[in-house]
Amino acid sequence: MEFKGRSFLKLLDYSTEEIEYLLDLSARFKKLKKEGRPHRFLEGKNMVLLFEKTSTRTRCSFETAGHDLGMGVTYLDAASSQMGHKESIADTARVLGRIYDCIEYRGYGQKIVEELARYAGVPVFNGLTDEFHPTQMLADVLTIKEHFGDYKGRKLVFMGDARNNVANSLMVVCAKLGIDFVACAPEENFPEAGLVDTCRQIAEENRCRISLISDVKEALKDADVIYTDIWVSMGEPKQLWESRIKLLSPYQVNKEAMSYAKKEAIFLHCLPSFHDLNTKVGQQIYEQFGLKEMEVSDEVFESEQSKVFDEAGNRMHTIKAVIYAALADKDETL
Ligand code: CP
Ligand code: NVA
């Protein structure tokens, strides 16, 4: 396994063993952090974070991970850099690659992050694109492993907008790690056929299944993990709310849905989530459509089965592992 100098753009680029290694490394970093043992293994190195979309978890995780590793970190958002307006992606990549040791990018098309990586000459990390959100999945699987003690052979059901970046990446990670994946959605929101075929081939090698099921009760039977995400993702037009609400309301994760899964099942969500009226968007949706909660009911979100905040906390440890693997000469955590 060779990680040094490699970008982390999508999980399809990584083997099962490499993903397992990153999960182990994440757990080791989590332990170091918990024990208060300094791990400034990347002192003298610098990282730039490019955010064309907003973020709480991903930005804070990259910043904190970088600081813990002893790195310098620069944050640039769309309004405060030249990228895209006055300077092409290729030019930006060649400039930043000469100043920084690695680059994180959150934004629109996957092809942008792929182009950055092609020109930068330093590792580029995908902090979310329209198509994929690969660092999120490491935190998700780490959370599943911490809770159940394993993940192989488990069944994860994604409910709702099953063709978004989070659902796509979940399908890939499940196929790679031997987890049964079910996309539970109306047919028009099933993941794209080409990606499903690719994942099914990978799943076959790892003895697990990828299924697309519209019936909620059937999909959730024997589920260990129920996962959902927002119904309209960043970058999608606001006008989509009305049709998505109509289409996806039957796929809300609520008490009834949870009752179809295993008794010991857990609930995960990448966050942010619309489970109450304590957000501006939540309020607007309520005023327009009369909905008090959307992809998950507040009851499930706040229940014992919900592990969403442990999951969010794991973003930092897993992102630290990704940065470290790409930049370190040897594994000093061992
Ligand atoms: N889950 C996630 O990526 O959250 P942010 O949008 O806050 O980074
Ligand atoms: N699908 C969501 C994920 C947010 C972390 C979005 O892209 O907005």
Side-chain angles (χ1 to χ4, degrees), residues 8-11 26 47 49-66 73 75-78 104-110 112-113 125-144 158-173 183 185 189-192 195 225 227-241 244-245 247-248 251-253 267-275 278-282 285 294-296 301 306-320 322-323:
F8 191 75
L9 304 176
K10 56 185 183 306
L11 290 160
S26 307
M47 169 166 68
L49 312 178
L50 306 176
F51 279 81
E52 294 199 300
K53 289 177 179 168
T54 51
S55 168
T56 298
R57 279 144 290 270
T58 309
R59 174 184 174 176
C60 295
S61 296
F62 270 99
E63 289 208 22
T64 312
V73 182
Y75 173 81
L76 284 181
D77 63 24
E104 181 275 354
Y105 172 83
R106 164 173 287 200
Y108 297 91
Q110 179 72 15
I112 300 176
V113 81
F125 311 125
N126 178 357
L128 180 146
T129 58
D130 292 342
E131 291 89 338
F132 293 113
H133 192 10
T135 62
Q136 176 71 50
M137 273 55 254
L138 295 178
D140 300 343
V141 179
L142 183 64
T143 310
I144 295 170
F158 181 92
M159 309 258 299
D161 185 21
R163 43 185 321 137
N164 77 10
N165 42 17
V166 168
N168 286 343
S169 290
L170 273 175
M171 183 163 67
V172 177
V173 87
N189 282 67
F190 280 162
E192 193 249 314
L195 186 62
V225 182
Y227 199 121
T228 191
D229 185 13
I230 194 166
W231 287 341
V232 176
S233 285
M234 289 183 280
E236 292 193 302
K238 275 203 214 109
Q239 289 77 355
L240 275 179
W241 275 114
R244 289 279 169 84
I245 286 171
L247 202 62
L248 300 179
Y251 297 89
Q252 182 191 65
V253 181
F267 170 71
L268 296 182
H269 190 312
C270 56
L271 306 182
S273 157
F274 294 125
H275 59 95
N278 299 329
T279 61
K280 276 190 198 151
V281 177
I285 297 285
M294 282 188 270
E295 73 277 4
V296 54
F301 187 90
S306 172
K307 304 296 168 201
V308 297
F309 295 111
D310 293 339
E311 180 188 6
N314 280 338
R315 297 296 308 286
M316 202 279 282
H317 310 294
T318 44
I319 281 173
K320 196 181 279 176
V322 169
I323 302 168

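In each ligand, atom 1 is the first atom listed, and ligand 1 is the first ligand listed.
Considering only non-hydrogen atoms, atom 3 (O) of ligand 1 lies nearest to His133 out of His133, Arg57, Glu311, Met234.
A donor-acceptor distance shorter than 3.5 angstrom exists from the side chain of Glu295 to the backbone of Phe274, with no hydrogens or angles considered. Remark: side-chain polar atoms of Gln252 are paired, donor with acceptor, to backbone N or O of Met294 under 3.5 angstrom. Within the 3.5 Å criterion, the main-chain N or O of Met159 finds a donor-acceptor partner in the side chain of Thr228. Using modelled atom types, one side-chain atom of Ser169 and one backbone atom of His133 make a donor-acceptor pair closer than 3.5 Å.
Contacts of Ile230 with ligand 2, taken as heavy-atom pairs under 4.0 Å, involve the side chain alone. The proximity of Leu128 to ligand 1, defined as any non-hydrogen pair under 4.0 Å, does not occur for either the backbone or the side chain.
Taking the ring centre of Phe51 as origin, the terminal cationic atom of Arg59 falls outside the region bounded by 6.0 Å and 45° from the ring axis.
Atom 6 (O) of ligand 1 has as its closest protein heavy atom Arg106 NH1, 2.8 Å. Of the protein's heavy atoms, Leu128 CD1, 3.9 Å lies nearest to atom 4 (C) of ligand 2. At the shortest separation from atom 2 (C) of ligand 1 among protein heavy atoms lies Arg315 NH1, 3.3 Å. When only non-hydrogen protein atoms are considered, atom 7 (O) of ligand 2 lies nearest to Asn165 ND2, 2.9 Å.
Of the polar atoms of Asp229, at least one N or O is found under 3.5 Å from an N or O of ligand 2, judged by distance alone. Ligand 2 has a nitrogen or oxygen under 3.5 angstrom from a nitrogen or oxygen of Met234. Between His133 and ligand 2, no N or O atom pair is found at a separation short of 3.5 Å. The shortest N or O to N or O distance between Arg59 and ligand 1 is not below 3.5 Å.
Taking a 4.0 Å cut-off on heavy atoms, Asp161 fails to register as neighbouring ligand 2.
Atoms of ligand 1 lying under 4.0 Å from at least one heavy atom of Cys270, given by number and element, are 1 (N). The contact set between ligand 1 and Leu271, taken as ligand atoms under 4.0 Å from a residue heavy atom, comprises 1 (N), 2 (C), 4 (O). Distances below 4.0 Å separate heavy atoms of Ser233 from the following atoms of ligand 2: 1 (N), 2 (C), 6 (C), 7 (O), 8 (O). Residue-ligand proximity, Leu271 to ligand 2, at heavy-atom distances under 4.0 Å covers atoms 5 (C). Every atom of ligand 1 with a heavy atom of Thr56 under 4.0 Å away is listed here by number and element: 5 (P), 7 (O), 8 (O).
Between Ile144 and Leu268, the closest heavy-atom pair is CG1-CD1, 3.9 Å.
Relative orientation of the Phe309 and Phe301 rings is perpendicular, given thresholds of 30° and 60° on the angle between their planes.
Salt-bridge check for Asp130 with Lys53: passed, with a basic side-chain N closer than 4.0 Å to an acidic carboxylate O. Salt bridge annotation for Glu236-Arg244: present, with a cationic side-chain nitrogen under 4.0 angstrom from a carboxylate oxygen.
The closest side-chain donor-acceptor pair between Asp310 and Thr143, if any, does not fall under 3.5 angstrom. With 3.5 Å as the limit, one finds a donor-acceptor pair spanning the side chains of Gln110 and Thr129.
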